[in-house]
Every structure is written in structure tokens, then in C-alpha cells.
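Not measured: the values here are computed from a predicted model. First listed ligand is number 1; within each ligand, the first listed atom is number 1.
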Amino acid sequence: MLVHYRDEEAMRSPMQYEGGVLRLIDQRLLPSEARWLTFTELETVAQAIENMIVRGAPAIGCTAAFGLAVDAWAADPRSTWDSYSPRFEQAVLRLARTRPTAVNLFFALDRVKALASGFSQGLLMEQVRTEIETLAIALHKGDLETCKAIGRNGAAHVGGRSLRVLTHCNAGALATAGYGTALGVIRALHERGQIEIVYVDETRPWLQGARLTAFELASENIPYKVIADSAAAYLMQLSKIDMIVVGADRIAANGDAANKIGTYSLAVNAAHHGVDFYVAAPLSTFDMMLEGGHMIPVEERHGDEIRLTAGRYMTPREAAVWNPSFDVTPASLISGIITERGVLTKPFDRTIVSLFQ
Ligand code: MRU
């Protein structure tokens, strides 16, 4: 089945939740198929994050919070918190093991843990599950509002002229509760009539750009062209890019930012060609415990993601492969960090600290 590009359900959010049941759109199949999967067990929610059914830092965080609500709903509603809490701790640990780089995952788990720390031993699970799901729903709703604020702030900062923008990976509605971070800025610019064209890196090996970002842009009639990742530097050399905007999975206290592999080489090329390079991310993506990007854990994924394309080997079957999912862009190469509270400029170590104070 070919997805209708105006599939409003998919565009609003990649997830839906009601009464202990989580639904995720299977992002591995987009854009050729819009299949919604239903989850009623924590383990399958954890596997959905690991296997990229759901991906993108804020979306992973929201899914983890909903996963804890799903697990609480699976318990006997007449039992009490003291009998369930060891299982809750295991559930948090299981979700924390899914993907290491996106700090939004740990932000969401910490929020639910903080809530749970206030539960009395005799609290009925009926009440526990309501409290956890209320928080998960609030996190999801909050992320959508945050994305819209990021979009507004970014567009106000860079707007005023028609722009040729380049983006990498998918930091759109599908990667968040809806609307997107980097794609939120692009959406807001488009709403102001200030997008000439968006160049979309296809983003090997998962092709989040070609499959997901292009899908989102097409659905809203935002002009775009998909390019091979290796074409980006040439576009800059030809003076065809005014600005780059990407998302982030984790930003250290000094402004170093981890994002999809290939982001760092874009930033190096942008600096060489004098192109503005922006990172768009919510406050939940900052990790103030880490002084610099060298401390960010970078996920390495299975070699078959490189070896195989559409189920066929593109390399010798036994080819040795290195498959880091992310890289870290040093703060020195970033022109500005677009957040829901405004656009941070250099020196980032000072502007970030004052934002969190
Ligand atoms: O491996 P993924 O698809 O989860 O990686 C996603 C990215 O790198 C995004 O740019 C990032 O999570 C920001 S999403 C708003």
C-alpha cells in the first residue's frame, strides 16, 4: 500500500496512547507503507526502540514514558505499589538499555522515576497507572508544544529572506511528538513563505532523510530535493546552501552536539564554505552532567545495516564494518542552538549554563 501523503494521523505524531495500549507507526516501512503496530507489553516497546520502529531522540523519550504506563497497566489494578515496584525498577533498566545516545530517553525515565519516588507502599496500582500515564501524556503534549516554540524561535532568528536549507536525518514530526525540531524550524519558515528549497541528505545507512524527511516535506508541499550524503559539500561549494539545520541526540554543557552520523562532516564543510550551521533541540536534549562531547556515549549498531540494502548484500557477506550511529560536532562549528527558550549563541558554555540556571 502506498502511503497517502496527507496521512494526518502519521503527520501529527508517530505514536498514540490510550488506556495501557501504545500504538506506533512502523518507521522502518515508511514511506511505502503506513502500518500502525499495537503494544501492550514493556518488552515489545523496548524492542520497538532498539529496532527503530520508533526513532528520533524526543520520540524515544516519549515512547519510554508510555512504555512504563503500558507496564503499569499490565499489573493487577487491585495490587499495590510495594509489590509492583521491583518490576518497575526492572522496566526502567530494560528501557535504559535500548539506545544509549539520545539523552531524552533518560530524561523521560528520570521524570517517571521522580514521580514514582513519591508513591506510598500501599498505593493501589489502579492509581499508580493513572499517575504514570498522566505524566507520559503530559511529556508527549509538552514535546509537541516545545517543537512549535523551537520552530518559531528558529524562524524568527534566521528568517527575513527566502532560504535554501540543508538538513540531515529526520528531526521532524516522526522523530518527536509531532512538528519536529530541525524540521519544525523548516516548517515555521515555510509558514512564513521563506523556504526556497530544502536539500535533504538521504542519510545512510537507515535513509531517514530520503524516507522520512522527504515524506514529511512532500506531505506539506514544501519544496525539496533529496541528495546523496556525499553531494552536500559540492552544493556548498556551488553556493547553493544558505543554512544548515539539524537535530541532536545529546548536547554537552559546552555545546558539543551528538547527532546522526554524517552531521560532523556537514559542519566541517559548512565552516569551510561560510555556511551557517544550526542545531535545533529541546532542553531535554542537553546533558549538563557532561562537560564535553568526548563524554557522550555513541551507539554502534549492527554491521548488517551497512552490508545490506533492501535485504541484499552490497558488500562481501563477511565484510568488516564500522557502524557508529552518531557523531559529535564540536561547539566551535555550531553557529547557534535553537531551543524552545530562544536561540543560544557563542560562547555556548556560558549561554547554556545561564539557560539552565
Ligand atoms: O538513529 P535515529 O534515527 O534515532 O537518529 C535520529 C537523529 O539523529 C535525529 O537527528 C535526532 O534524534 C534529533 S530528532 C528531533
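When each of Arg55, Gln27, Arg28, Lys260 is tested with Trp206 by the rule side chain to side chain contact (heavy atoms under 4.5 Å, CB included), just one qualifies, namely Arg28. Among Thr339, Asn104, Asn259, the single residue meeting the side chain to side chain donor-acceptor pair (under 3.5 Å) criterion with Thr285 is Asn104.
Under the 4.0 Å criterion applied to side-chain N and carboxylate O atoms, Arg94 and Glu50 are assigned as salt-bridge partners.
For residues 140-173, the set of pairs meeting the ring pair (Phe, Tyr, Trp, His ring centres under 6.0 Å) definition, not counting sequence neighbours, comprises Phe66-His140, His157-Tyr278. For residues 315-339, no residue pair satisfies the ring pair (Phe, Tyr, Trp, His ring centres under 6.0 Å) rule, not counting sequence neighbours.
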Side-chain donor-acceptor pairs of residues 307-316 under 3.5 Å, sequence neighbours excluded:
| residue | atom | partner | partner atom | Å |
| --- | --- | --- | --- | --- |
| Arg307 | NE | Ala319 | O | 2.7 |
| Arg307 | NH1 | Asp304 | OD1 | 2.9 |
| Arg307 | NH2 | Ala319 | O | 3.0 |

For ligand 1, list every N/O pair with the protein closer than 3.5 Å, one pair per line with the distance.
| residue | atom | partner | partner atom | Å |
| --- | --- | --- | --- | --- |
| ligand 1 | 1 (O) | Arg99 | NH1 | 3.4 |
| ligand 1 | 1 (O) | Arg99 | NH2 | 2.8 |
| ligand 1 | 1 (O) | Lys260 | NZ | 2.7 |
| ligand 1 | 3 (O) | Arg55 | NE | 2.8 |
| ligand 1 | 3 (O) | Arg55 | NH2 | 3.2 |
| ligand 1 | 3 (O) | Gln208 | NE2 | 2.8 |
| ligand 1 | 4 (O) | Gly56 | N | 2.9 |
| ligand 1 | 4 (O) | Arg99 | NH1 | 2.8 |
| ligand 1 | 8 (O) | Asp249 | OD1 | 3.1 |
| ligand 1 | 8 (O) | Asn259 | OD1 | 3.1 |
| ligand 1 | 8 (O) | Lys260 | N | 3.3 |
| ligand 1 | 10 (O) | Asn259 | OD1 | 2.6 |
| ligand 1 | 12 (O) | Ala57 | N | 2.9 |
| ligand 1 | 12 (O) | Asp249 | OD1 | 2.8 |
| ligand 1 | 12 (O) | Asp249 | OD2 | 3.3 |

